[in-house]
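Note that ligands are numbered from 1 as they come in the structure, with each ligand's atoms numbered from 1 the same way.
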Amino acid sequence: MRVGAIFLMALTFGAVPLWAQRGTTLLAEKGVAGLANELSGETAKRNLEGLARLHRQRGSAGFHAAAELVAERARAYGLSDVEILKFPADGKTFYGTQRSRPGWDAEVARLYEIEGRPSQLCKDGLKDAVDKLHDEGKIGMVMVCLNMFADYEAEPVVVAEDSESAEIAAELVDVSEGTKGADYAGKNVKGKIVLVGAQPGAAQDLAVGKFGAVGIVSYAQNQKTAWWGEDENLIRWGHLETFSQNKTFGFMVSLKTGHGLRERLARGETIRLHAVVKAGQHASNYEVVTATIPGADAKLKDEEIAFSCHLDHQRPGANDNASGCVTILEVARTLQKLISEGKLARPARTIRFIWPPEIEGTMALLNGRPEFARRIKAAIHMDMVGGGPATKAVFHVTRGPKSLPSFVHDVAWAFAEFVNEESYKFAATGSAEYPLVAPEGGKEPLQAQFSDYTMGSDHDVYQDSSFGIPAIYLNDWPDRYIHTNFDSAANIDPTKLKRAAFIGAASGYFLAGLGHEEVWLRTAILQGYELRKSQANARLWHLGFDDVCVDYDQRLANEKAAADSAKKFTGQSLASIITDTAVGCAELPGRVPERAAVYKRKAEPRGPLAVFGYDYFAEHARTAGVATPKLLSYEGLWGGGEEYAYEVLNFADGKRTAQQIRDAVSGEYGPVSLELVTEYLAGLTKIGVVERVK
Ligand SMILES: [Zn+2]
């Protein structure tokens with residue numbers, strides 16, 4: 001089957017028969033076959049197995065080892081400009097809105113029980129024998145018959161990031177979640193270790209700062225999905241607050257261990273723990289690995305299409321996000337090989353690959369090396385692309401925020417639809433021209449979804465209005481093992497890695513070579529438009545008449561702007577292919593015309609206001625005496641406070657009135673009152689991030 005046929009089948013417009021035109025296919029068939037043959041899910045997975053051994057915390061020895069591994073592979077694959085860029089991470093240097101966080105490492109961390117119920121070994125009478133050997137100086141350890149709850153060396157996830165050194169023996173006290181004063185009522189935790197259900201960072205200022213606890217044991221659970229809390233053996237990756245004044249240590253235990261401890265404490269048992277921690281923050285660097293495939297065109301090679309992922313996270317962190325990093329590495333290997341062998345033409349633009357620590361590394365790169373932000377015309381970001389039936393993954397081709405309309409998502413979706421079709425055909429009949437199945441992988445159909453913007457990874461940084469770089473976001477959700485010790489290589493499907501690599505490689509290669517308007521591009525954009533329209537119509541029943549009207553007009557304006565954005569690549573706007581007409585809802589009676597106040601974001605600082613481990617808005621609002629705006633805790637139909645806030649700032653472009661910004665975010669996340677939007681804009685003005693221009 002010719003690949004172009006997937007578009008041609010749907011074509012019913014245009015005066016010239018499309019098959020009579022040149023360049024109507026997405027990629028020449030040769031290119032598709034080349035990618036499909038060369039991309040290897042097994043090669044990607046073997047690299048993943050290397051990364052998954054490493055505990056990859058920001059600025060740590062484990063992260064450095066991962067960066068070296070990726071750089072070594074990139075060199076071996078023949079990529080150009082392979083470098084590990086370094087940006088100081090010292091807790092003081094700012095990269096736009098991100099205060100750099102110092103690196104963090106641990107050497108030793110163990111948690112034992114030293115009193116209370118003896119373990120089975122002790123019951124069997126070994127304790128006396130062991131104590132005797134110790135007394136005679138024949139062995140140094142007396143811990144063998146005690147419960148060992150956690151050991152960093154075996155399982156580094158057991159220590160919360162940003163823990164500090166300690167050697168303490170203390171009683172354990174159950175304080176439920178540990179996040180509100182009432183949790184501590186009637187309990188004396190001074191000099192004791194608290195057992196909490198929340199993340200250590202959410203409890204530390206109360207437990208340690210206010211009530212004098214000396215450490216934290218947490219059985220916090222991972223992100224909420226339908227499977228949340230069902231597997232009581234999961235140990236979640238934990239965090240303390242990087243910039244808290246109340247330094248302490250935190251151990252993470254499973255729900256099963258947490259419940260066991262709670263039951264014993266509830267029965268009135270005394271549990272004494274011995275914690276040994278050698279760990280801490282230190283001045284370090286954000287390391288960002290990068291490499292290129294240089295473009296062929298004398299002028300256009302200064303423009304770049306960037307592939308991105310995030311290389312940090314806890315061990316094993318297989319799907320989140322060794323998977324994205326090895327998949328862009330496999331894209332790099334494949335494109336480099338096919339181009340150097342002459343099987344694919346060298347594209348006009350440069351293709352760049354970036355492996356940073358999540359969000360903060362991208363913030364350091366785009367702020368610290370502004371030429372990167374200037375050159376990158378589109379990004380393809382992969383974060384969790386290897387899940388399968390074991391993780392309950394649904395694969396998403398995720399669009400950008402409405403504040404940055406772009407056609408690039410339609411390009412990715414066109415390729416994903418192709419993989420959906422071919423992989424389903426193969427699953428259903430046992431035969432397809434491009435099944436894209438890895439020999440060691442699954443045969444399930446991909447069933448990718450084309451989804452509205454969701455936040456939570458580096459694509460938020462690229463698409464922030466201070467950078468304005470459209471980003472295709474390829475990601476799995478849900479994932480029942482995310483951020484736990486069970487996010488392991490065993491769950492990763494090589495077929496899935498191969499398919500994600502194919503969608504990414506085809507999209508990136510196409511964009512890197514896009515120089516003139518191609519008919520198929522119109523069809524890809526119209527295909528995306530029709531799908532978005534039906535998705536949006538399906539949710540209209542939530543809305544009243546005025547809101548339906550506003551929603552419709554917003555969507556239409558957005559679609560025209562997205563089609564128009566093609567001119568940044570081709571020199572020609574495609575806005576005219578969207579032929580639906582607006583209703584004119586801005587004129588509806590009862591709407592306040594005022595509100596002609598116009599806000600404009602300032603040039604600095606650049607980046608979203610809530611980044612990683614640091615909240616620029618919260619810190620500056622505190623200093624400026626601005627009360628927390630109600631928008632930040634607002635729950636809309638399709639989004640929450642963080643999303644509204646991100647977009648209100650992005651929409652403050654010096655042209656839109658407060659009313660128009662309100663309409664724009666209402667169309668995106670569901671109706672919100674003008675008052676909440678204005679209050680937030682006033683807060684942004686007070687902290688100096690936006691200015692009122694009218
Ligand atoms: Zn991630």
Side-chain angles (χ1 to χ4, degrees), residues 44 47-48 51-52 54-60 62-63 66-67 70 98 101 156-157 161 199 220-225 234 236-239 286-289 306-329 353-365 379-388 391-398 451 453-463 471-489 491-493 496-497 500-501 504 608 610-613 642-643 646:
N47 285 328
L48 177 142
L51 290 178
L54 303 164
H55 194 49
R56 313 181 295 276
Q57 309 293 285
R58 63 171 206 277
S60 71
F63 186 93
V70 169
Q98 174 81 56
R101 299 195 294 162
V157 71
E161 198 178 14
Q199 272 281 349
Q221 297 296 286
N222 63 349
Q223 285 87 325
K224 218 158 198 171
T225 66
L234 302 182
R236 195 207 195 279
W237 184 30
H239 308 271
Y286 290 126
E287 293 181 307
V288 179
V289 190
F307 282 85
S308 154
C309 66
H310 69 81
L311 190 54
D312 62 320
H313 272 22
Q314 88 289 353
R315 171 200 167 271
N319 204 27
D320 188 13
N321 184 28
S323 69
C325 289
V326 299
T327 302
I328 73 166
L329 186 57
F353 300 88
I354 302 169
W355 292 269
E358 188 171 12
I359 297 192
E360 48 200 319
T362 299
M363 287 291 286
L365 178 72
I380 297 163
H381 182 60
M382 300 197 196
D383 189 354
M384 303 169 69
V385 296
T391 67
K392 310 296 183 192
V394 174
F395 187 67
H396 300 270
V397 174
T398 297
S451 308
Y453 179 59
T454 50
M455 292 187 72
S457 192
D458 304 72
H459 63 304
D460 301 346
V461 178
Y462 284 101
Q463 298 181 111
I472 295 161
Y473 176 35
L474 303 181
N475 62 298
D476 283 344
W477 194 256
D479 183 323
R480 62 173 165 164
Y481 298 124
I482 183 174
H483 291 182
T484 71
N485 55 336
F486 280 70
D487 177 9
S488 61
N491 302 325
I492 301 300
D493 176 14
K496 178 76 172 291
L497 298 177
V611 277
F612 238 45
E642 189 196 355
E643 284 140 330
Y646 175 82

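Within the 4.5 Å cutoff, side-chain heavy atoms of Met384 are placed close to those of Asp479.
For the pair Asp320 (side chain) and Ile482 (backbone), a donor-acceptor distance under 3.5 Å is absent.
No hydrogens or angles considered: nothing links the side chains of His381 and His310 as a donor-acceptor pair under 3.5 Å. Side-chain polar atoms of Thr484 and Asn222 form no donor-acceptor pair below 3.5 angstrom.
Taking 2.8 Å as the threshold, His310 counts as a candidate ligand of the Zn ion (ligand 1), since one of its N, O or S atoms lies below it. Residue contact annotation: Glu358 places no N/O/S atom under 2.8 Å from the Zn ion (ligand 1).
Residue-level check: among N/O/S atoms of Asp320, OD1 sits closest to the Zn ion (ligand 1).
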